[in-house]
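Written out below as C-alpha cells is the structure these notes cover.
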Amino acid sequence: MGMRDLGYSMIEHDNSLRSRRAMLKNGLVLAGALSVPSAVSAANRLTGRDLQPMSQPPLPRRSVAATPTSPRVVRPELMRKAMAALNRAGSHGVRRDRMAIVDFAASSSEPRLHLIDLASGRSTSLLVTHGSGSDPAHTGWLQRFSNREGSNASSEGAFLTSDYYVGKHGRSQRLIGLDSTNCNALDRAIVVHSAWYANRDMIATRGMLGRSQGCFAVGERDLDTVFAKLGPDRLIFAAKA
C-alpha cells in the first residue's frame, strides 16, 4: 500500500469513529427521553398548584403625606370620633357591620368618602361633593358647616341611612340626622344621590367636583357601590376636624 492510500485509509477510519460516537450519543439521549416520557411532558404541563393565586406582596412604605387624609386610610382621630358616634347611635337601631366616614378635611378632588367593612377592616374610597353653602367661592375645600334650612351647606355629625326613593336626582337614599349639628337633614332633604358634577372626569376638567345643595352626591357610576356597601340602618359620619 502506498503512502497516499495509507493516508486515505486513516482519514476514513477517523470519520468512521466520529460517526459511531455521534450515533452512540444520540442513541443515549433518545433512550433517556423515551425512558421518562411523563417527566418530559410534565415539564410543559400546568398543575393545580401552578394556578394558585400569588400571595399579596408587602406594600411599600409610605412617606408622610402633605394632606391630612389618604384615599385608602381614615385619619386615626377621625376614626375614633366615628366609632364613638357609632356607639352613641346604638339606641337608634344602627347596624354595626359597616359604616361610611366622610373626611371633609380633604379637597373634593380626593376620594374622601370611605366605605368601611368593620368586620374585615377593608374599605372602599370614593369621591363625594360638599354643599355650595359650605364653599361659596368654589375652591374645592369645605369652609363651614350649617344645619340651617336654605343654607345649601353640608352638615357635620352622624347620619342614619334610611329608605330609598326616586326623586329629582334619580335613585336616592334618605338620611336622618342624629346630632344637633345635622338634625334638620330630613327636613332639608339631605340625601345620598348621584350627579354628573360628581363624576371623576370633573377632576380632569375643573380640578375639583361640582357642589351640591348639601347632599352627599357621588359619581353616577359609584351610586350602586355606595348602595351595595352601605344600605339602610347604617351610619354615615361626616366631619372636618
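Values below: every heavy atom of this structure, side chains too, minus hydrogens, waters and symmetry copies.
No chain of hydrophobic side-chain contacts below 4.5 Å, direct or via other Ile, Leu, Val, Met, Phe, Trp or Tyr residues, connects Leu223 to Tyr197. Each of Val128 and Val191 belongs to its own hydrophobic cluster when Ile, Leu, Val, Met, Phe, Trp and Tyr are linked at side-chain heavy-atom distances under 4.5 angstrom. Using a 4.5 Å cut-off between side-chain heavy atoms of Ile, Leu, Val, Met, Phe, Trp and Tyr, with links allowed through other members, Leu230 and Phe104 fall into the same hydrophobic cluster. In terms of hydrophobic clustering, with Ile, Leu, Val, Met, Phe, Trp and Tyr side chains grouped at heavy-atom distances under 4.5 Å, Leu209 and Trp196 are assigned to a common cluster.
The backbone N or O of Ala158 sits less than 3.5 Å from a side-chain atom of Asp179, completing a donor-acceptor pair. With Ser155 contributing its side chain and Ser146 its backbone, the two residues share a donor-acceptor pair below 3.5 Å. The backbone N or O of Leu175 lies less than 3.5 Å from no partner atom in the side chain of Ser162, so there is not a single donor-acceptor pair. The closest donor-acceptor contact from the side chain of Asn184 to the backbone of Asn147 lies under 3.5 Å. In this structure, Arg80 contributes its side chain and Arg75 its backbone to no donor-acceptor pair below 3.5 Å. Judged by distance alone, the side chain of Thr129 and the main-chain N or O of Ala217 form a donor-acceptor pair under 3.5 Å. A donor-acceptor distance shorter than 3.5 angstrom exists from the side chain of Ser172 to the backbone of Gly170, with no hydrogens or angles considered. Side-chain atoms of Ser154 come within 3.5 Å of backbone N or O of Gly131 as a donor-acceptor pair. Looking only at distances, a side-chain donor or acceptor of Arg188 sits under 3.5 Å from a matching main-chain atom of Ala153.
Residues forming a salt bridge (charged side-chain N to carboxylate O under 4.0 Å, His left out) with Glu149 (at least two apart in sequence, or on another chain): none. A search for salt bridge (charged side-chain N to carboxylate O under 4.0 Å, His left out) contacts involving Arg206 returns nothing, not counting sequence neighbours. Applying the salt bridge (charged side-chain N to carboxylate O under 4.0 Å, His left out) criterion to Arg174, with sequence neighbours excluded, gives Asp163. In this view, Arg234 and Asp97 satisfy the salt bridge (charged side-chain N to carboxylate O under 4.0 Å, His left out) rule, not counting sequence neighbours.
Side-chain contact between His92 and Ile176 is absent, with no heavy-atom pair separated by less than 4.5 Å. Proximity of Val218 to Leu113: side-chain heavy atoms (C-beta onward) are separated by under 4.5 Å at one or more points. Between Leu178 and Leu235, the closest side-chain pair of non-hydrogen atoms falls below 4.5 Å. Within the 4.5 Å cutoff, the side chain of Arg221 has no heavy atoms near those of the Asn199 side chain.
Here Leu115 contributes atom CG and Met99 contributes atom CE; the two are 10.5 Å apart, rounded to the nearest 0.5 Å. With rounding to the nearest 0.5 Å, the separation of CD in Gln173 from OH in Tyr165 is 10.0 Å. The distance from the CG atom of Leu126 to the CZ atom of Arg112 is 12.0 Å, given to the nearest 0.5 Å. Here NZ of Lys81 is found 8.5 Å from CD of Glu156. Values are rounded to the nearest 0.5 Å. One finds the CG atom of Asp222 at 11.0 Å from the OG atom of Ser125 (value rounded to the nearest 0.5 Å). Remark: Leu160 CG to Arg95 CZ distance equals 11.0 Å, nearest 0.5 Å.
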Run Met83 and Phe237 through side-chain contact (heavy atoms from CB on, under 4.5 Å) and show every step you take. CA-CA 9 Å; Met83 293 305 298; Phe237 183 76; over 6 Å; no

Please determine whether side-chain contact (heavy atoms from CB on, under 4.5 Å) holds for the pair Met208 and His138, giving the CA-CA distance in whole Å, both sets of side-chain angles, and the decisive distance to 0.1 Å. CA-CA 9 Å; Met208 68 188 81; His138 201 180; 3.4 Å; yes

Evaluate side-chain contact (heavy atoms from CB on, under 4.5 Å) for Val74 paired with Asp103, printing each intermediate quantity in order. CA-CA 8 Å; Val74 178; Asp103 190 349; 5.8 Å; no

Using side-chain contact (heavy atoms from CB on, under 4.5 Å), reason through Val192 and Thr161 one step at a time and then give a plain yes or no. CA-CA 9 Å; Val192 177; Thr161 60; 5.8 Å; no

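In summary, Arg211 and Asp135 do not engage in a salt bridge, as defined by a charged side-chain N under 4.0 Å from a carboxylate O.
Between Ser107 and Trp141, the closest heavy-atom pair is N-CZ3, 3.4 Å. The minimum heavy-atom distance between Leu118 and Met79, with the atom names listed, is CD2-CE, 4.2 Å. Across Ile116 and Ser123, no two heavy atoms sit closer than the pair CG1-CB, 4.1 Å. Nearest heavy-atom pair across Ala105 and Lys240 is CB-O, 3.3 Å.
Atom CZ of Arg98 has more than 12 heavy atoms from other residues, nucleotides or ligands within 6.0 Å. Within 6.0 Å of CD in Glu220 there are more than 12 heavy atoms belonging to other residues, nucleotides or ligands.
Sorted by first and then second residue, the pairs that involve residues 200-231 and meet ring pair (Phe, Tyr, Trp, His ring centres under 6.0 Å), not counting sequence neighbours, are Phe159-Phe216, Tyr164-Phe227.
Cluster partners of Val166: none. The rule joins Ile, Leu, Val, Met, Phe, Trp and Tyr whenever side-chain heavy atoms lie under 4.5 Å apart, and it links nothing here.
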